[in-house]
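Report on the structure given below.
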Amino acid sequence: MAVIGVEQLKKNIKLKIDGQPHTVTDFQFTKPGKGQAVYRCKLKNLVSGNSFDRSWRSGDNVEKADLSTRKLIFSYMEDNAYVFMDPDTYDQVMLSKDVVGDNQHYLIDDGEVEVLFFEESAIDVQLPNFVIKPIHQSDPGVKGDTANNVTKPAYTDTGLELHVPIFINEGDMVKIDTRNGEYVERVNVKK
């Protein structure tokens, strides 16, 4: 357990408050004419995502959160859990649907992800910026729909809905931006 003085607070520093990990999203220092300096922070709970404000006076101490990141490889889904493998130790790590969340749509067999741990408990899965997935279902493009930027809905093998250009067909491999869920380009994958 590392304790730091509030004078060391800055944006993006991770703190443990009420037993939960938080990150400082905004930081403000004020020194009134009389009295102690005040450190005002906007905090975001890394588990629930809730945000709130908190102030500390000069001389207060706060506890740093014990966070670590591990690279894991997605193996398979079992019941209501996702099974990952540590490529260094070959240990299996099971993560619940709550931890994986909407990232489940971007998981690829044998695909690498970074998992954020708080005191040995996984709290978040961080994906690469782009993944390549097959289009599982898409209606054929309508002949004559040749205006610019015409798209149609399509679904990947994990049920992710995205809008793709009309020339994309079922079975095509597409590159998807995991930050916004948007189609980037069609990809030729050699088999």
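All values below come from the heavy atoms of this structure, side chains included, with hydrogens, waters and symmetry mates left out.
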How close do [X] and [Y] get, heavy atom to heavy atom, and via which atoms?
X    : Y    : answer
N169 : I135 : O-CB, 3.8 Å
G19  : F118 : O-CE2, 3.6 Å
I176 : G181 : CG2-C, 4.1 Å
Q20  : H22  : O-ND1, 2.9 Å
V164 : A154 : CG2-CB, 3.7 Å
F27  : C41  : CD1-SG, 3.6 Å

Roughly how far, to the nearest 0.5 Å, is the [atom2] atom of [Y] from the [atom1] atom of [X]?
X    : Y    : atom1 : atom2 : result
T23  : L43  : OG1   : CG    : 8.0 Å
F130 : T178 : CZ    : OG1   : 7.5 Å
T30  : Y39  : OG1   : OH    : 9.5 Å
L46  : L15  : CG    : CG    : 9.5 Å
L160 : H136 : CG    : NE2   : 13.0 Å
K175 : Y183 : NZ    : OH    : 11.0 Å

Checklist entry - Got a sec, which residues hit side-chain hydrogen bond (donor to acceptor under 3.5 Å, both in side chains) with D139, two or more places apart in sequence or on another chain? => result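 Once residues adjacent in sequence are excluded, D139 has no partner under the side-chain hydrogen bond (donor to acceptor under 3.5 Å, both in side chains) criterion.
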Less than 4.5 Å apart, side chain to side chain, heavy atoms only: is that true for [X] and [Y]?
X    : Y    : result
Q137 : E170 : yes
P21  : K16  : no
P128 : E112 : no
N12  : V24  : no
V38  : R57  : yes
N188 : M173 : no

Please check if atom [atom1] in [X] has more than 12 non-hydrogen atoms from other residues, nucleotides or ligands closer than 6.0 Å.
X    : atom1 : value
K14  : NZ    : yes
K31  : NZ    : yes
D110 : CG    : no
N129 : CG    : yes
Y90  : OH    : no
K44  : NZ    : no

Checklist entry - Any donor and acceptor pair, going by atom type alone, linking the side chain of T158 with main-chain N or O of H105 inside 3.5 Å? => result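 Confirmed, T158 side chain pairs with H105 backbone.
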When you group the ILVMFWY residues by side-chain heavy-atom contacts below 4.5 Å and let the links chain together, are [Y] and [X] in the same group?
X    : Y    : answer
V62  : I13  : yes
I108 : M85  : no
V150 : F167 : no
V115 : V99  : yes
Y106 : V184 : no

Next on the checklist: Assess, by modelled atom type and distance only, whether the side chains of S138 and K152 contain a donor and an acceptor separated by less than 3.5 Å.
Outcome noted: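 Judged by distance alone, the side chains do pair up.
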With a 3.5 Å cut-off and sequence neighbours excluded, list the donor-acceptor pairs that the side chains of residues 67-84 form with protein atoms.
unit_1: R70; atom_1: NH2; unit_2: D86; atom_2: OD2; d: 3.1
unit_1: Y82; atom_1: OH; unit_2: Q104; atom_2: OE1; d: 2.5

Next on the checklist: Apply side chain to side chain contact (heavy atoms under 4.5 Å, CB included) to residues I166 and T151 and explain how you reach the verdict.
Outcome noted: CA-CA 6 Å; I166 59 171; T151 61; over 6 Å; no
Checklist entry - Who pairs with R186 by salt bridge (Lys or Arg N to Asp or Glu O under 4.0 Å), at least two apart in sequence or on another chain? => result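 Residues passing salt bridge (Lys or Arg N to Asp or Glu O under 4.0 Å) with R186: D172.
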Item to check | salt_bridge(K133, D157) N-O dist < 4.0 Å | outcome: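 Yes, K133 and D157 are salt-bridged.
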Item to check | Full working for side chain to side chain donor-acceptor pair (under 3.5 Å) between D91 and T89 | outcome: CA-CA 5 Å; D91 290 338; T89 63; 3.2 Å; yes
